[in-house]
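Take a look at the structure below.
One-based numbering, in listed order, for ligands and for the atoms of each. Computed over heavy atoms, backbone and side chain alike; hydrogens, waters and symmetry mates excluded.
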Amino acid sequence: MTDHSTDVAIIGAGPVGLFAVFECGMLKMRCHVFDALAMTGGQCAALYPEKPIYDIPGYPRIGAAALIDRLEEQAAPFKPVFHLGQSVETVAHAGDGGFLLVTGTGTRVTARAVIIAAGVGAFGPNRPPLAGLAAFEGRSVFYLVRRREDFRGKRVVIAGGGDSAVDWVLERVMVVHRRAKFRAAPESAARLQRLADEGRIDLVIPYQLHALEGAGSQLSHVVVADLDGVTKRLAADALLAFFGLATNLGPIGQWGLALERNHVVVDPATAQTSLPGVFAIGDISTYPNKLKLILSGFAEAAMAAHAIYPLVHPGEALHFEYSTTMGVPGI
Ligand SMILES: Cc1cc2nc3c(=O)[nH]c(=O)nc-3n(C[C@H](O)[C@H](O)[C@H](O)COP(=O)(O)OP(=O)(O)OC[C@H]3O[C@@H](n4cnc5c(N)ncnc54)[C@H](O)[C@@H]3O)c2cc1C
């Protein structure tokens with residue numbers, strides 16, 4: 001028994017998956033959209049919501065979270081059904097020539113076609129190897145931060161040397177890094193050094209995380225160790241551990257699709273994978289000279305929608321029309 005049936009199932013509610021809802025909608029195809037995260041927006045929302053993006057056509061500068069808001073607004077007339085906080089675990093042929101998707105929480109959806117817009121795959125943070133870490137997660141240890149305001153006034157230890165670590169620096173912050181040099185963009189690293197010189201933050205380098213102390217799920221101290229193993233205790237309310245994302249294809253690797261270095265191989269003319277009826281767009285897909293940019297993903301979404309049309313509307317000719325001519329049709 002299935003819970004739902006739709007025209008197109010889209011795996012991934014990042015910018016590219018959201019735009020695919022619009023492109024499918026313009027061709028009168030209904031969509032269900034799945035994301036393992038509890039929110040839409042993919043990398044834009046989870047990794048850099050407050051950063052400006054400069055290469056979205058028509059927007060000289062737009063914040064990543066604002067771009068996601070605009071994409072949701074553009075998709076809304078087509079009434080997509082979202083299944084958030086649910087990872088798609090299996091995609092299999094359904095008896096009628098379509099596909100059956102099943103999520104980790106047991107939701108079952110049949111669809112005529114599948115679009116995989118799963119970015120870097122199932123999102124997972126690189127966790128530091130610390131005893132008792134799980135008890136603090138979500139309460140005082142975080143890997144992704146949507147709003148820096150949540151941490152205002154708290155004693156925050158930030159660990160990691162990449163852009164995320166540097167970008168979230170506020171006040172009463174200690175930044176722990178195992179090297180004196182930061183991997184972040186040069187201007188971010190320079191800003192960090194300036195804040196340290198002004199005494200507004202403490203750089204704890206070269207140190208690495210050693211242990212966590214606290215009661216229940218509330219952290220009281222982060223213990224760090226230098227290269228000789230000498231430790232010191234930093235009083236802290238929260239630890240932001242920014243060691244990057246584990247890029248793991250997750251269940252997608254088990255679906256029998258042709259893969260190349262953890263990416264799904266597609267025909268660049270249609271975005272179709274090696275499995276007819278299953279398409280891949282955005283960061284997850286690969287073809288010669290692929291550019292991993294949001295704008296390439298948008299174009300791939302349009303190509304996939306056109307290639308899917310005959311699967312959803314068999315025997316109906318597709319007459320190419322500009323949006324200016326057709327408007328935004330209801331669905
Ligand atoms: C710091 C930073 C700055 C960037 N700046 C720019 C920029 O200026 N310009 C630009 O063009 N690009 C930029 N990018 C890259 C851009 O964010 C990506 O190209 C874009 O997010 C790809 O979109 P996507 O929809 O393909 O995938 P994603 O945004 O990765 O979204 C994929 C979604 O799929 C979900 N998913 C994966 N597997 C499953 C599953 N099995 N079931 C359910 N859900 C699943 C994930 O949870 C995720 O939410 C930047 C990236 C970073 C990290």
Side-chain angles (χ1 to χ4, degrees), residues 9-23 32-57 59-68 71-72 75 82-91 101-105 107 109 114-125 143-146 160 162-168 183-185 188 242 244-255 257 262-264 266 271 278-286 290-301 304:
I10 299 176
I11 303 171
V16 176
L18 291 173
F19 192 63
V21 173
F22 173 80
E23 285 295 331
H32 278 231
V33 186
F34 302 83
D35 207 297
L37 296 177
M39 60 187 180
T40 59
Q43 295 173 51
C44 294
L47 298 185
Y48 59 107
E50 297 190 8
K51 277 196 166 190
I53 306 178
Y54 299 97
D55 56 355
I56 301 299
Y59 288 103
R61 172 193 164 110
I62 184 167
L67 173 66
I68 296 305
L71 288 165
E72 281 190 320
F82 287 99
H83 304 276
L84 299 179
Q86 300 192 39
S87 166
V88 175
E89 297 297 321
T90 59
V91 174
L101 292 85
V102 182
T103 72
T105 53
T107 304
V109 176
V114 177
I115 295 180
I116 303 174
V120 290
F123 261 117
Y143 307 106
L144 297 172
V145 175
R146 186 106 191 222
D163 273 307
S164 312
V166 172
D167 289 341
W168 290 103
R183 280 177 288 114
S188 301
F242 293 142
L245 277 182
T247 55
N248 173 6
L249 261 190
I252 297 165
Q254 317 303 317
W255 297 345
L257 304 166
N262 266 341
H263 291 79
V264 178
V266 299
V278 178
F279 297 74
I281 60 178
D283 277 15
I284 192 103
S285 78
T286 189
K290 161 92 179 185
L291 283 179
K292 271 199 194 183
L293 287 174
I294 295 169
L295 71 87
S296 325
F298 287 168
E300 293 157 14

Inset, instruction - With heavy atoms only and a cut-off of under 4.0 Å, state how E89 meets ligand 1: side chain, backbone, both or neither. - result: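 E89 to ligand 1: no contact under 4.0 Å from either part.
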Inset, instruction - Determine whether the side chain, the backbone, both or neither of L47 has a heavy atom under 4.0 Å from any heavy atom of ligand 1. - result: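 The answer is the side chain of L47.
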Which of the atoms in ligand 1, numbered in the order shown and given with their element, are less than 4.0 Å from a heavy-atom of [X]?
| X | value |
| --- | --- |
| S87 | 40 (C), 41 (N), 42 (N), 43 (C) |
| Q86 | 43 (C) |
| L293 | 10 (C), 11 (O) |

Legend entry - Partners meeting salt bridge (Lys or Arg N to Asp or Glu O under 4.0 Å) with K292 (sequence neighbours left out):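 If we apply the salt bridge (Lys or Arg N to Asp or Glu O under 4.0 Å) test to K292, skipping adjacent residues, there are no hits.
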Heavy-atom proximity to [atom], best of [options]:
| atom | options | result |
| --- | --- | --- |
| atom 42 (N) of ligand 1 | L18, I53, V88 | V88 |
| atom 43 (C) of ligand 1 | A36, A13, A45 | A36 |
| atom 39 (C) of ligand 1 | V91, I10, I11, T40 | I11 |
| atom 13 (C) of ligand 1 | Y48, W255, F298 | Y48 |

Legend entry - side chain to side chain donor-acceptor pair (under 3.5 Å) involving E300 - partner list, sequence neighbours excluded: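 Partners of E300 by the side chain to side chain donor-acceptor pair (under 3.5 Å) criterion, ordered by chain and then number, come out as Y287, K290.
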Legend entry - Closest non-hydrogen atom pair between V88 and W255, with its separation: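 Nearest heavy atoms, V88 then W255: O-CZ2, 3.5 Å.
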Legend entry - Any donor-acceptor N/O pair, S87 side chain to G104 backbone, under 3.5 Å: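 Between the backbone of G104 and the side chain of S87 there is no qualifying donor-acceptor contact (under 3.5 Å).
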